[in-house]
Amino acid sequence: MKRIALVLLILLFVAGSAFARPSSVAIGAQLGFAASGAVVDIGLGSLYLNAGVNYPLGITYIATTLDEEDVFVDIVTLTADVSQAFALSENFDIKVGIGTTAFTNFGPVILGLAGPVVKGEYWVPNKNFGLTLTLNIPVMGFGVIEDNEDFNGGVVFNPLFPLFGLVTSTIGVLYSF
């Protein structure tokens, strides 16, 4: 049974790579509660590497509703994923992979979430741009804090982490060239 499942999985990856959009580089922007900013999507055959530098606009919005004086936090959100593309039509791809969302102040603190990623991309016919939806399903938390006697870093698993996907998922626009 395991061999049959493995053969089907291999055939699925081969068939998906035969119909996925051509290898290319795409740049764009994404909007989300925890990650709003610039992204780059690099195609390596049917595998795609995606990286982004973002700002957590949702946290800023909450601070504005609380009438805080300093509403802009000094946190940067870094996103990254590696995914396999599967073409569902001529203009629509589904990408499945693994990704992470990390929060840092470029100082002694890095906290993040990691897990599976499901992405949908619709490329407008005869145009160089497309719309994208990224659904994160975090299953693991990680962190590193320097100069802290109580916590130096580690990895945590929790069955409630997938709920954080509600705030780490994004929508966006990509421009391919």
Side-chain angles (χ1 to χ4, degrees), residues 8-61 71-107 109-140 142 144 162 164-177:
L8 289 175
L9 185 63
I10 290 171
L11 288 174
L12 185 64
F13 280 121
V14 170
S17 65
F19 301 109
R21 68 179 172 100
S23 298
S24 63
V25 175
I27 59 171
Q30 65 184 6
L31 177 66
F33 186 87
S36 298
V39 294
V40 62
D41 195 40
I42 301 170
L44 304 170
S46 64
L47 284 179
Y48 288 83
L49 304 174
N50 186 303
V53 177
N54 307 279
Y55 183 78
L57 285 178
I59 296 171
T60 303
Y61 173 73
V71 296
F72 292 102
V73 293
D74 59 345
I75 296 175
V76 174
T77 308
L78 305 172
T79 58
D81 67 64
V82 177
S83 56
Q84 169 78 34
F86 300 98
L88 296 183
S89 72
E90 186 177 332
N91 299 319
F92 186 75
D93 291 339
I94 288 286
K95 295 180 180 178
V96 179
I98 188 163
T100 185
T101 302
F103 302 93
T104 182
N105 61 356
F106 291 113
V109 178
I110 298 174
L111 299 172
L113 299 165
V117 174
V118 178
K119 301 167 79 172
E121 289 185 358
Y122 174 75
W123 292 89
V124 178
N126 303 320
K127 302 288 182 186
N128 290 358
F129 67 92
L131 306 173
T132 181
L133 170 67
T134 303
L135 300 174
N136 296 311
I137 309 161
V139 295
M140 177 182 84
F142 61 90
V144 175
F164 286 114
L166 297 171
V167 296
T168 60
S169 297
T170 62
I171 58 172
V173 177
L174 289 174
Y175 176 78
S176 179
F177 53 93

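Atom OH of residue Tyr122 and atom CZ of residue Phe129 lie 9.0 Å apart, to the nearest 0.5 angstrom. The structure places NZ of Lys127 at 14.5 Å from OG of Ser176, a figure rounded to the nearest 0.5 Å. Rounding to the nearest 0.5 Å gives a distance of 10.0 Å between OG of Ser24 and CD1 of Ile42. Here CD of Gln84 is found 12.5 Å from CD1 of Ile94. Values are rounded to the nearest 0.5 Å.
A donor-acceptor pair under 3.5 Å links the side-chain atoms of Asn105 to the main chain of Gly107, judged by distance alone. Remark: the backbone N or O of Val109 is paired with a side-chain donor or acceptor of Thr104 at under 3.5 angstrom. Listed for the Thr77 side chain is no donor-acceptor partner under 3.5 Å among the backbone atoms of Phe103. For Thr170 (side chain) and Gly32 (main-chain N/O), no donor-acceptor pair under 3.5 Å exists by modelled atom type. Put simply, the side chain of Thr132 never gets that close to the backbone of Glu121: no donor and acceptor are under 3.5 Å apart.
Nearest approach of Ile137 to Pro162, heavy atoms of both residues: CG2-CB, 4.2 Å. Among all heavy-atom pairs drawn from Ala35 and Thr79, the shortest one is CB-CG2, 4.0 Å. Considering all non-hydrogen atoms of both residues, Leu31 and Ser36 come closest at CD1-OG, 3.3 Å. Residues Tyr48 and Ala85 approach most closely at CE1-CB, 3.5 Å, considering heavy atoms. Shown here for Phe142 and Ala102, the closest heavy-atom pair between the two residues is CZ-CB, 4.2 Å.
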What's the verdict on side chain to side chain contact (heavy atoms under 4.5 Å, CB included) for Phe164 and Asn136, showing C-alpha distance, side-chain angles and the deciding distance?
CA-CA 8 Å; Phe164 286 114; Asn136 296 311; over 6 Å; no
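A 4.5 Å side-chain heavy-atom check between Pro116 and Val139 finds at least one atom pair inside the cut-off. Proximity of Trp123 to Leu174: side-chain heavy atoms (C-beta onward) are separated by under 4.5 Å at one or more points. Contact annotation: the side chain of Val39 never approaches that of Asp41 to less than 4.5 Å [non-hydrogen atoms, C-beta and beyond]. For the pair Val173/Leu131, a side-chain contact is recorded, criterion being any heavy-atom separation below 4.5 Å from C-beta on. Considering only heavy atoms from C-beta on, Leu113 stays 4.5 Å or farther from Met140 through its side chain.
A donor-acceptor pair shorter than 3.5 Å cannot be found between the side chains of Thr168 and Thr101.
By the 4.0 Å N-to-carboxylate-O rule, Lys119 lies close enough to Asp81 to be salt-bridged with it.
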